Amino acid sequence: MKIATWNINGVKARIDNLLHWLEESSPDIACLQEIKSVDELFPREPIEALGYHVETHGQKGFNGVALLSKMRFDEVNRGLPGDDGDEQARFIEGVFSTDRGALRVVSLYLPNGNPVDSEKFPYKLGWMERLEKWSVERLKLEEPLVLAGDYNVIPEPEDAKNPDAWVGDALFRPESRQAFRRLGALGFTDALRAVNQDDGIYTFWDYQAGAWQKNNGIRIDHLMLSPEAADHLGSVTVEKHTRGWEKPSDHVPVVLDLKLRSA
DNA sequence: ATGCCCGTCTAAGACGGA
């Protein structure tokens, strides 16, 4: 079973690329971020025509996440608990039936957090604390759980072409990296790092300053696996070639193969 | 040192992104 995460940076601008990628890569579940669309205007019809069920959690103009699945949704939950005043659409959870029981998959879009001297940085760190609290409860279920998305965290210097350039940035601040490591301490496995320890694996290249041409990238899109999901870990692939397409997203898909089957 | 580029909303430029 293939589970993919991709920050598409606007579903309206990216619909042709998205449809082409769905046909080419054919994930069973796709976790999308930055759909930048309200639910009513999400282009669900051409995606459904490819055999996907579509669940969105959008808002006007920016943010927004979605789950596309070839399997029927048993349950959908929108929004990260822990702050009733949080209006930003950054979290959606789907529950599916597999041959090994329930599978939970989250599409998350963690706040950027810049500039760090603004309210945006404490919002990011607070969001990560809420994610931890939510995860502690979910881990008690002892089910396969995949937290997939744009974490806006560079975990280690090896995850950036020029780590020195990111010192002080919210994506690389010690507090952000520590919060990411705490997910590991809770028992989550960074799927990509479990199968590949190479330097130079990136998932984002800025549109500016020829970052793509210079391979000046960072790895910030991650699939975090509960122990019960990690038990079924197969391959993990970064679909870098999509960054070279016409009208690309600045992020590329990361695809996980889990050795599970739909029920 | 700063901005570079891009998408959205909405009608020329602000805002958000990383």
Side-chain angles (χ1 to χ4, degrees), chain A residues 5-21 31-44 56-66 86-91 107-128 148-177 179-180 200-222 238 240 242-254:
Chain A
T5 182
W6 192 15
N7 179 323
I8 57 173
N9 189 19
V11 70
K12 298 181 191 72
R14 213 69 61 215
I15 186 62
D16 290 346
N17 278 4
L18 175 61
L19 295 172
H20 184 251
W21 172 71
C31 306
L32 306 180
Q33 301 87 38
E34 279 207 272
I35 63 174
K36 298 188 177 182
S37 170
V38 294
D39 297 331
E40 302 74 46
L41 297 179
F42 189 89
R44 58 171 50 244
T56 64
H57 182 41
Q59 68 180 94
K60 187 174 181 179
F62 60 110
N63 298 330
V65 289
D86 186 357
E87 302 287 330
Q88 300 192 33
R90 297 178 173 276
F91 185 98
S107 178
L108 67 88
Y109 177 45
L110 218 146
N112 175 302
N114 283 306
V116 294
D117 59 356
S118 73
E119 74 290 345
K120 294 183 177 183
F121 191 51
Y123 174 67
K124 175 179 193 157
L125 298 179
W127 206 96
M128 297 185 84
D150 176 359
Y151 281 71
N152 272 313
V153 175
I154 304 167
E156 300 294 337
E158 293 74 22
D159 295 310
K161 177 70 174 292
N162 300 124
D164 292 348
W166 294 94
V167 172
D169 190 283
L171 278 65
F172 198 53
R173 278 280 293 252
E175 299 93 324
S176 308
R177 297 174 57 198
F180 184 81
I201 301 172
Y202 310 128
T203 65
F204 168 89
W205 296 259
D206 202 295
Y207 290 122
Q208 303 185 62
W212 168 242
Q213 288 73 15
K214 292 186 276 193
N215 194 30
N216 181 14
I218 51 178
R219 189 177 74 95
I220 57 175
D221 299 273
H222 309 299
V238 179
K240 184 175 180 178
T242 63
R243 187 61 177 79
W245 286 355
E246 290 293 316
K247 271 179 76 74
S249 170
D250 41 8
H251 297 249
V252 299
V254 185

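Sequence lines set the chain letters: A, B, ... in the order given, protein chains first and strands last, and positions in each chain run from 1. No experiment lies behind these values; they were computed from the predicted model shown.
Separating the CG atom in A:Asp150 from the CG atom in A:Asn152 is a distance of 4.0 Å, to the nearest 0.5 Å.
Checking A:Arg14 against A:His251, the closest nucleotide of DNA chain B that is more toward the 5' end is the one next to A:Arg14. Comparing A:Phe204 and A:Gly210 against DNA chain B, the residue whose closest nucleotide sits nearer the 5' end is A:Gly210.
Side-chain proximity of A:Tyr109 to B:dT8, B:dA18, B:dC9: nearest is B:dA18. The nucleotide whose nearest atom lies closest to any side-chain atom of A:Tyr207 is, among B:dA18, B:dC5, B:dT8, B:dC5. Distances were taken from every side-chain heavy atom of A:Lys12 (C-beta onward) to each of B:dT8, B:dC5, B:dA18; the shortest belongs to B:dT8.
Proximity of residues 114-125 of chain A to DNA chain B (heavy atom under 4.0 angstrom from any strand atom) is restricted to A:Lys120.
Residue A:Lys36 places none of its side-chain N or O atoms closer than 4.0 Å to OP1 or OP2 of B:dC15. Of the side-chain N and O atoms in A:Asn112, none sit less than 4.0 angstrom from OP1 or OP2 of B:dG17.
No engagement by A:Asp169 is indicated, since no non-hydrogen atom pair under 4.0 Å with the nucleic acid exists. No contact: A:Asp221 has no heavy atom under 4.0 Å from any strand. Backbone-only engagement by A:Asp150 is indicated by non-hydrogen atom pairs under 4.0 Å involving sugar-phosphate atoms exclusively. Within the 4.0 angstrom heavy-atom criterion, only backbone atoms of the sugar-phosphate kind lie near A:Arg90; the bases stay farther away. Here A:Ala13 lies in heavy-atom contact (under 4.0 Å) with sugar-phosphate atoms only.
If you check the side chains of A:Lys120 and A:Asn114, you find no donor sitting under 3.5 Å from an acceptor. Inspection of the A:Asn215 and A:Trp205 side chains reveals an N or O donor paired with an N or O acceptor under 3.5 Å. Using modelled atom types and a 3.5 Å distance limit, the side chains of A:Gln88 and A:Asn63 yield a donor-acceptor pair.
Ring planes of A:Trp245 and A:Trp6: perpendicular class, angle over 60° (limits at 30 and 60°).
B:dG3 and B:dA14 have their P atoms separated by 13 Å, with the value rounded to a whole Å. Of the P atoms belonging to B:dA1 and B:dC15, the separation is 25 Å, rounded to the nearest Å.
B:dG7 atom C1' lies 10 Å from atom CG of A:Asp250, rounded to whole Å. Distance, A:Asn7 CG to B:dC6 C1': 12 Å, rounded to whole Å. Whole-Å rounding puts the A:Asn9 CG to B:dC5 P distance at 15 Å. For the pair A:Asn162 CG and B:dA18 P, the computed distance is 19 Å after rounding to whole Å.
Paired with A:Thr242 under the rule side chain to side chain contact (heavy atoms under 4.5 Å, CB included), one option of A:Ser249, A:Pro248, A:Pro253 passes, and it is A:Pro253.
Between the A:Lys214 side chain and the A:Ala209 main chain, a donor and an acceptor come within less than 3.5 Å of each other.
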